[in-house]
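Pasting a structure below so you can have a look.
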Amino acid sequence: RDWSSDVCSSDLTVFDTGASQGIGAGIAVAMAGSRESAPRIAAEHVREMACREAASVWGFGFKTTAQQAAYLNAISMHVLDFEPMSNPPTHAVSPTVPAAFALGEAIGASGREIVAACAKGFEMQGRILLAGRLERGKLKFHTPGVVGVMGATVAAAHLLKLDASQLASALGIAASRCSGVSANTGSMVKCTHCGNAAASGVDAALLAQRGFTANPAIFEARAGYVATFFDAGFDYDALLAFGAPYRCVDPGMAIKFYPSKYPTHYAIGAALELRKAVANPANIAALAMVTPEIEDADRPQPRSGLEGKFSFQYTAAIALLDGAAGIGSFTDERRFREDVVSLLGKITVRRDASIPRDTRVMRIELAARMKDGTSHTAVCTRPPGAWGAPVDAALHERKLRDCLGVRLAHHEVDAVLSPLASLETAAPAEIARLINVVLAAPADTAVHAKVRDEVRTLTARFPLYRPT
């Protein structure tokens with residue numbers, strides 16, 4: 001079967017609402033994320049390059065090339081770790097949606113074509129991971145840095161209407177762009193893994209459109225994509241089942257209701273359940289956690305609020321103390337407040353190898369021993385919004401409004417949500433209006449000036465980017 005013909009197809013009848021829901025959630029999260037330090041620094045860095053104005057940088061009020069806009073918008077979308085999760089688990093939305101919107105804006109694509117491009121980008125990532133059949137932690141790189149590049153390439157290829165030969169070259173080019181060192185999880189760099197994937201996908205497709213070639217058999221080639229990143233036993237039949245069905249429809253995406261690493265949602269869920277029995281967390285003498293063998297989430301003393309997003313201990317502590325876990329839970333100020341510091345010192349983690357590490361079927365158990373000698377337990381086996389669980393529409397809309405409201409006024413939020421609800425039928429002019437609302441988001445001028453000064457100081461050392 002020539003699966004590339006499915007990727008190049010313009011049959012848009014199979015995507016249902018799964019892709020649109022992921023797109024809307026991703027854009028809302030990106031608007032909230034654009035307030036964070038990493039996107040601000042990266043945006044100022046790109047602004048001073050003064051590139052050709054082709055696509056909008058969401059929330060920063062300027063345009064740049066499609067590649068750079070995809071890069072920056074993907075950074076904003078991933079920095080909070082709040083975007084939907086595809087299945088098998090990866091951040092499929094953040095490399096794909098920014099790539100499709102940036103290139104779509106540059107070439108005047110319709111909403112229908114953008115939705116189709118995103119669905120195909122999501123599908124490519126899901127099919128690769130299904131075929132790879134890797135256990136959690138076995139991929140040596142951060143997953144979006146390996147599969148997100150290929151998804152963004154497929155999305156861009158759809159919009160550019162590449163033929164099968166051009167698509168093969170684009171994927172070959174993209175394979176040499178794969179990267180993402182997992183040791184940078186918990187730092188600003190992690191969000192650039194999705195940024196690089198989005199930009200590289202757009203760039204690979206544009207190069208292929210111009211006639212740039214690569215190994216046309218990059219998946220199966222000796223020392224190719226599969227041999228480099230996946231173990232023996234790659235299931236090509238799973239890859240070739242592209243679109244049967246589309247994975248954004250079945251099994252769909254998990255909608256995140258907490259802005260943190262997905263396994264920590266189980267810690268938050270267990271902590272919120274435990275909180276019902278613990279009237280005052282200050283009365284906890286000891287808190288024991290039982291988790292799967294997920295080493296990179298066992299962070300007893302995160303160095304920052306940002307790193308707290310990737311800590312079983314911190315997310316459980318914040319949920320117990322505050323009864324919630326939101327964007328404001330992961331600031332340095334909250335991380336080092338006395339109540340958090342005290343509770344973190346009481347938490348122990350035991351990793352249980354019998355608990356699956358797969359985030360679709362794992363669990364986390366909590367046991368609190370109180371100062372009065374009583375004890376309470378709780379367990380979470382499925383956080384809200386998990387795969388297969390019905391999504392509370394009202395709760396999801398509130399999340400979108402909260403995220404968009406970080407940067408937009410109430411009437412502007414409505415102006416974004418309305419076209420997103422019918423994105424499949426939107427005309428290019430309507431997409432442009434949507435982007436303009438996002439583009440016109442007011443910037444925090446004081447912080448913007450501070451970041452600009454910091455970037456000027458840093459980049460003054462490098463002649464290539466010396467500011468004028």
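The figures here come from the full heavy-atom set of this structure, side chains too, leaving out hydrogens, waters and symmetry mates.
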*Ala54 and Ala66: which non-hydrogen atoms are nearest, and at how many Å?*
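Heavy atoms only, the tightest pair is CB-N, 4.3 Å.
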*Would you mind telling me which of Val278, Val349, Leu320, Thr348 makes a side chain to side chain contact (heavy atoms under 4.5 Å, CB included) with Leu287?*
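The single option meeting the side chain to side chain contact (heavy atoms under 4.5 Å, CB included) with Leu287 is Leu320.
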*asked:* Using a 3.5 Å distance criterion without hydrogens, assess whether the side chain of Arg133 forms a donor-acceptor pair with backbone atoms of Leu130.
replied: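 Answer holds: no.
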_I want to check something: taking the side chain as every heavy atom from C-beta on, are Arg40 and His45 in contact at a cut-off of under 4.5 Å?_
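A side-chain contact is absent here, since even the closest heavy-atom pair is not under 4.5 Å.
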Can you give the donor-acceptor pairs under 3.5 Å from side chains of residues 195-205 to other protein atoms, not counting sequence neighbours?
| from | atom 1 | to | atom 2 | distance (Å) |
| --- | --- | --- | --- | --- |
| Asn196 | ND2 | Thr192 | O | 3.2 |
| Ser200 | OG | Asn196 | O | 2.8 |
| Asp203 | OD1 | Gln67 | NE2 | 2.9 |
| Asp203 | OD2 | Arg177 | NH1 | 3.3 |
| Asp203 | OD2 | Arg177 | NH2 | 3.0 |

_Between Arg275 and Asp322 (salt bridge meaning N to carboxylate O under 4.0 Å), is one present in this structure?_
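Answer for the salt bridge query: no.
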*Minimal non-hydrogen separation, Ala69 against Ala55, with atom names*: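 Residues Ala69 and Ala55, closest heavy atoms: CB-CB, 3.7 Å.
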*Do Lys120 and Glu123 meet the salt-bridge criterion of a basic N to acidic O distance under 4.0 Å?*
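Looking at Glu123 and Lys120, the cut-off is not met.
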*asked:* Does any part of the side chain of Cys380, heavy atoms only, come nearer than 4.5 Å to the side chain of Arg363, both counted from C-beta?
replied: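 Not touching, per the 4.5 Å side-chain cut-off.
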*Steps toward side-chain contact (heavy atoms from CB on, under 4.5 Å) verdict (Glu430, Leu423)*: CA-CA 9 Å; Glu430 292 174 291; Leu423 188 59; over 6 Å; no
*Using atom types as modelled and distance alone, determine if a side-chain donor or acceptor of Thr153 lies under 3.5 Å from a backbone N or O of Val149.*
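A pair under 3.5 Å: yes.
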*Is the backbone of Phe312 close enough, under 3.5 Å, to the side chain of Tyr266 for a donor and an acceptor to pair up by distance?*
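A pair under 3.5 Å: no.
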_Stepwise side-chain contact (heavy atoms from CB on, under 4.5 Å) check, Ile294 with Met362_ = CA-CA 10 Å; Ile294 301 179; Met362 63 174 278; 4.1 Å; yes
*Using a strict cut-off of less than 4.0 Å between a Lys/Arg side-chain nitrogen and an Asp/Glu carboxylate oxygen, indicate whether Arg360 and Asp358 qualify as a salt bridge.*
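Asp358 and Arg360: salt-bridged.
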*Given salt bridge (Lys or Arg N to Asp or Glu O under 4.0 Å), test Glu397 with Arg401 step by step and report yes or no.*
CA-CA 6 Å; Glu397 181 175 346; Arg401 288 187 174 277; 3.0 Å; yes
*Do side-chain atoms of Thr185 reach the backbone of Ser182 as a donor and acceptor pair under 3.5 angstrom?*
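Yes; at least one donor-acceptor contact below 3.5 Å.
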*Going by the side chain to side chain contact (heavy atoms under 4.5 Å, CB included) test, name the single residue among Val93, Thr96, Leu159, Val154 that passes it with Cys118.*
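By the side chain to side chain contact (heavy atoms under 4.5 Å, CB included) criterion, Cys118 pairs with just one of Val93, Thr96, Leu159, Val154: Thr96.
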*Enter the distance from Arg47:CZ to Phe62:CZ here, rounded to the nearest 0.5 Å.*
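Here the interatomic distance stands at 5.0 Å.
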*asked:* For the CG atom of Leu129 and the CZ atom of Arg247, what is their distance to the nearest 0.5 Å?
replied: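 CZ of Arg247 is found 9.0 Å from CG of Leu129.
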*Test item: Gln125 side-chain N/O and Gly121 main-chain N/O as donor-acceptor pair under 3.5 Å*: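 Yes, the answer is positive, given that a donor and an acceptor are paired below the 3.5 Å cut-off.
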*Kindly give the heavy-atom pair with the smallest separation between Pro98 and Pro95, and that separation in Å.*
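Answer, listing the atom of Pro98 first, then Pro95: CD-C, 4.2 Å.
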*Going from CD on Glu365 to CD1 on Ile355, what distance comes out if it is rounded to the nearest 0.5 angstrom?*
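Those atoms lie 5.0 Å apart.
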_Check against side-chain contact (heavy atoms from CB on, under 4.5 Å), Phe310 and Thr315_ = CA-CA 8 Å; Phe310 309 95; Thr315 50; over 6 Å; no
*Axial cation check for Phe82 ring with Lys399, 6.0 Å and 45° limits*: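 Here Lys399 passes the 6.0 Å and 45° test against Phe82.
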*ring-ring contact (aromatic ring centres under 6.0 Å, His included) contacts in which one or both residues fall within residues 385-409, not counting sequence neighbours*: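 Every ring-ring contact (aromatic ring centres under 6.0 Å, His included) pair that includes a residue of residues 385-409, provided the two are not neighbours, is Tyr262-Trp387.
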_So does Gly305 get a backbone contact from the side chain of Asp332, meaning a donor-acceptor N/O pair under 3.5 Å?_
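Pair found, side chain donor or acceptor close to backbone of Gly305.
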*Tell me, do Val290 and Ile364 make a side-chain contact under 4.5 Å, heavy atoms counted?*
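A side-chain contact is absent here, since even the closest heavy-atom pair is not under 4.5 Å.
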*Side-chain donor or acceptor of Ser56 paired with backbone N/O of Trp58 under 3.5 Å*: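 Looks like no, no N/O pair under 3.5 Å.
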_Closer than 3.5 angstrom, by distance alone: can the side chain of Glu412 be matched with the main-chain N or O of Ala409 as a donor-acceptor pair?_
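Yes; judged by distance alone, with no hydrogens or angles, the pair exists.
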*Measure the spacing between CG of Asp81 and SG of Cys194 and express it to the nearest 0.5 Å.*
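Output value for this atom pair is 8.5 Å.
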_Under-4.0 Å salt bridge between Lys309 and Glu307_ =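 No salt bridge links Lys309 with Glu307.
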*Chi angles and distances behind the side chain to side chain donor-acceptor pair (under 3.5 Å) call for Ser260, Thr264*: CA-CA 7 Å; Ser260 60; Thr264 69; 2.7 Å; yes
*Would you check if Asn184 and His142 make a side-chain contact, meaning some heavy-atom pair closer than 4.5 Å?*
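Asn184 vs His142: side chains apart.
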_To the closest 0.5 Å, what do you measure between CG (Leu80) and OG (Ser94)?_
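If I round to the nearest 0.5 Å, the distance is 10.0 Å.
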*If the plane angle is over 60° it's perpendicular, under 30° parallel, otherwise tilted; pick one for Phe230 and Tyr225.*
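The arrangement is tilted - the two ring planes meet at 30° to 60°.
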*Rounded to the nearest 0.5 Å, how far does OG of Ser375 lie from CZ of Arg369?*
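Spacing of CZ (Arg369) from OG (Ser375) equals 9.5 Å.
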*Would you find more than 12 non-hydrogen atoms of other residues, nucleotides or ligands less than 6.0 Å from Gln301 atom CD?*
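Check passes, neighbour count above 12.
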_Is it the case that the side chain of Ser422 and the backbone of Thr425 share a donor-acceptor pair, with hydrogens and angles ignored and the cut-off at 3.5 Å?_
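Pair absent, no side-chain N/O of Ser422 close to backbone of Thr425.
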*Inspect the contact between Glu83 and Lys256 and indicate whether a charged nitrogen and a carboxylate oxygen are less than 4.0 angstrom apart.*
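Between Glu83 and Lys256 there is no salt bridge, as every charged N stays at least 4.0 Å from the carboxylate O atoms.
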_Heavy-atom pair of closest approach, residues Pro39 and Val79_ =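 What the structure gives for the nearest pair is CG-CG1, 3.9 Å.
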_Check: Ile268 and Phe257 side chains under 4.5 Å, non-hydrogen atoms_ =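 Heavy-atom side-chain distance check fails, nothing below 4.5 Å.
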*Do His376 side-chain atoms and Leu274 backbone N/O form a donor-acceptor pair below 3.5 Å?*
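Looks like no, no N/O pair under 3.5 Å.
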*Taking side chain as C-beta onward, heavy atoms only, is Met253 less than 4.5 Å from Asn87?*
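No - every pair of side-chain heavy atoms lies 4.5 Å or more apart.
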*Fit a plane to each ring of Tyr314 and Phe330, take the angle between them on a 0 to 90° scale, and name the class: parallel (under 30°), tilted (30 to 60°) or perpendicular (over 60°).*
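If you compare the ring of Tyr314 with that of Phe330, the planes turn out tilted.
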*Any chance CZ of Arg303 has more than 12 other-residue heavy atoms, nucleotides or ligands included, within less than 6.0 Å?*
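For Arg303, atom CZ is not crowded (no more than 12 foreign heavy atoms under 6.0 Å).
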*Check the pair Lys261, Asp296 against side-chain contact (heavy atoms from CB on, under 4.5 Å), reporting the backbone distance first and the verdict last.*
CA-CA 10 Å; Lys261 181 182 180 72; Asp296 63 352; 3.2 Å; yes
*Does the side chain of Ile431 reach to within under 4.5 Å of the side chain of Ile114, using non-hydrogen atoms?*
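Touching, per the 4.5 Å side-chain cut-off.
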*Any Lys/Arg nitrogen of Glu105 or Lys63 sitting under 4.0 Å from an Asp/Glu carboxylate oxygen of the other?*
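Here Glu105 pairs with Lys63 in a salt bridge, since their nearest N and O are under 4.0 Å apart.
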_Arg334 side chain reached by Thr331 side chain, heavy atoms, under 4.5 Å_ =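 Counting from C-beta outward, Thr331 and Arg334 do come under 4.5 Å.
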*NZ of Lys371: more than 12 outside heavy atoms within 6.0 angstrom?*
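Result for NZ/Lys371: enclosed.
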*Go through the steps to decide whether Arg335 and Glu333 satisfy the test salt bridge (Lys or Arg N to Asp or Glu O under 4.0 Å), and finish with yes or no.*
CA-CA 6 Å; Arg335 159 61 184 93; Glu333 188 277 331; over 6 Å; no
*What heavy-atom pair brings Ala119 and Ala19 nearest, and what distance separates the two atoms?*
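That would be CB-CB, 4.0 Å.
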